[in-house]
Amino acid sequence: DAMVIQNPRYQVTQFGKPVTLSCSQTLNHNVMYWYQQKSSQAPKLLFHYYDKDFNNEADTPDNFQSRRPNTSFCFLDIRSPGLGDAAMYLCATSRDPSGETQYFGPGTRLLVL
Amino acid sequence: GDSVTQMEGPVTLSEEAFLTINCTYTATGYPSLFWYVQYPGEGLQLLLKATKADDKGSNKGFEATYRKETTSFHLEKGSVQVSDSAVYFCALSERGRDDKIIFGKGTRLHILP
């Protein structure tokens, strides 16, 4: 089945220690998104790639970076995680932007010690 | 700017009860409207969508009708099950506008056996 895969499902890191979360998709979609979701809140868009074009949200901290080496993979790098970065991180894809359905992965829950 | 407002939860119902979760939106153009569902510990799944006025989206016994005159997209189900317990997000996405989905804050639904 075509799908969006996130690894790992749970990630534990230490305060200030860089961490990378990964996302892959078999849908061959053009757009990939990263969201941060904290408890009992809606997902918050961090950034997205439309093909190779990177689009950062204005309020996304510099601590968060992303890479998309090819169509199938996208990575979220947190350079120096703080306690406030503990959250669920959701990857999503869509065929094209604007008005299109987004397909979400299962998420990676990040714990910062 | 565009926004989505949905009823606050939690909503607690008994099994086989009728469900309505209200959702209204503001948009400058003609958005697509979505309901996403998030089960505990999981990512978001598309439940249903509607792309133009008077369209009805339906899936798994859930329905929602795109009402342009009242700018609403209320979610309904005639007989809920315990397995419907989840968080439900109403959302919109507007073609040509920032490549984003705008989510409501989510409504947590508890179904009691």
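Only a predicted model underlies this, so the values are computations on that prediction, with no experimental measurement involved.
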Would you say [X] has more than 12 foreign heavy atoms packed within less than 6.0 Å of its [atom1]?
X     : atom1 : result
A:N70 : CG    : yes
A:K44 : NZ    : yes
B:E8  : CD    : no
B:E69 : CD    : yes
A:K38 : NZ    : yes
B:Y39 : OH    : yes
A:Q14 : CD    : no

For the student: nearest non-hydrogen atoms of [X] and [Y], plus distance:
X     : Y      : value
B:G41 : A:R9   : O-NH2, 3.1 Å
A:Q37 : B:F89  : NE2-CZ, 3.5 Å
A:A42 : B:G104 : CB-O, 3.2 Å

* Structure fact -> Pair count under 4.5 Å, heavy atoms only, with chain B: among A:C91, A:G107, A:P43, A:G105, highest is A:P43

* In one Ile/Leu/Val/Met/Phe/Trp/Tyr side-chain cluster, 4.5 Å: B:W35, B:L19 -> yes

Heavy-atom distances under 4.5 Å only: say whether [X] touches chain A with side chain, backbone, both or neither.
X     : answer
B:L44 : both
B:Q38 : side chain
B:Y36 : side chain

* Which atoms of A:Q6 approach chain B - backbone, side chain, both or neither, heavy atom under 4.5 Å -> neither

* **Side chain, backbone, both or neither of A:R109 within contact of chain B (heavy atoms, under 4.5 Å)** => neither

* Atom OG1 in A:T101, atom CD1 in B:I101: separation rounded to 0.5 Å? -> 7.5 Å

* Asked: Nearest 0.5 Å, what's the CD-NZ distance between A:Q102 and B:K49?
  -> 11.0 Å

* Do A:L45 and B:F103 have side chains that get closer than 4.5 Å, going by heavy atoms? -> no

